[in-house]
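What's counted below: heavy atoms across the whole structure, side chains too, no hydrogens, waters or symmetry copies. In each ligand, atom 1 is the first atom listed, and ligand 1 is the first ligand listed. Every value quoted in this text rests on a predicted model; they were computed, and no experiment measured them.
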Amino acid sequence: MSQALQGKVAIVTGSSRGIGRAVAERLAEEGASVIINYSSSPKQAEEVVQGIKAKGGTAAAIQADISKPVQIEQLFKDTKALFGKIDIVVNNAGIMVNSLIGEATEEQFDKQFAINVKGTYFACQQAFYHLKQGGRIINFSTSVNGQMFPAYSIYAGTKGAVEQFTRQLAKEFGSKGITINAVAPGPVATDLFLEGKSQDQLEGLKKANAFGRLGEPEDIAGVVSFLAGEQSGWISGQTLRVNGGFI
Ligand SMILES: NC(=O)c1ccc[n+]([C@@H]2O[C@H](COP(=O)([O-])OP(=O)(O)OC[C@H]3O[C@@H](n4cnc5c(N)ncnc54)[C@H](OP(=O)(O)O)[C@@H]3O)[C@@H](O)[C@H]2O)c1
């Protein structure tokens, strides 16, 4: 693996499991020092840290509930105290709770917006305070936003907000020489996606892309690493669908 991110410091929110974990491992393999953020999985976060260290990389775990701006602020302060600076912020932490409109609750709405939207926005604000020229922000949307699946309205709404402020913030961050983009994965085999789906639904979703399989976290990690690196410096305000031709 190239060492293109040697000397960089990255925060990956929600990297104890799933896509965030693969992203953190990939950035570390490319030489970045990585913060493994989690909210309620300390054991899994520590396993990610140990795995990275075993391969000669640098990582540390920091607990912070991304739905709480005060904890996001502390996450950035702690990262700086540990590694001296912050270059890359990957706003991956997110949840999905699907419900038809007739059954949706205020709690489902508030929780998804708190983590997916408020969390991402205030992490962008912290990035604005801490990142310097050459900094990179990568937010997370979903390819579901290009579909009209029943029951996804709240979740897709949260990601629509993320895509829109990714665009709106590009010029504010551009004035500091920082890029901000989003990736929008299609179905990826993680806890978030697999929970509650029948084998039939999974088979149908496999057939819905050009390659006849589900995405793997590593399929997304490679694209995030490109957006985190030097080669992507002329891309900003964009959402890149990463879905094997799903939409
Ligand atoms: N999987 C897919 O098919 C898919 C498709 C499109 C987009 N996405 C997006 O990709 C991102 C990652 O999804 P995933 O599938 O990897 O999910 P996942 O397997 O459920 O993992 C979610 C991660 O986020 C963390 N997290 C959850 N709530 C948090 C909070 N309040 N504060 C900090 N961390 C928190 C979890 O840590 P704890 O266990 O410690 O809470 C975990 O590490 C999400 O933004 C999701 O919307 C996923």
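For a heavy-atom separation below 4.0 Å, the residues in contact with ligand 1 are Gly14, Ser15, Ser16, Arg17, Gly18, Ile19, Asn37, Tyr38, Ser39, Ser40, Ser41, Ala64, Asp65, Ile66, Asn92, Ala93, Gly94, Ile115, Phe140, Ser141, Thr142, Tyr155, Lys159, Pro185, Gly186, Pro187, Val188, Thr190, Asp191, Leu192, Phe193.
You'll find the side chain of Lys176 reaches within 4.5 Å of the side chain of Phe128, heavy atoms only. Using a 4.5 Å heavy-atom cutoff, the side chains of Tyr152 and Gln147 are not in contact.
Atom NZ of Lys159 sits in a crowded spot, with more than 12 heavy atoms from other residues, nucleotides or ligands closer than 6.0 Å. No more than 12 heavy atoms of other residues, nucleotides or ligands sit less than 6.0 Å from atom CD of Glu107. Surrounding NZ of Lys55 are at most 12 heavy atoms belonging to other residues, nucleotides or ligands under 6.0 Å away.
A donor and an acceptor atom, one from each side chain of Gln108 and Gln112, are nowhere located under 3.5 Å apart.
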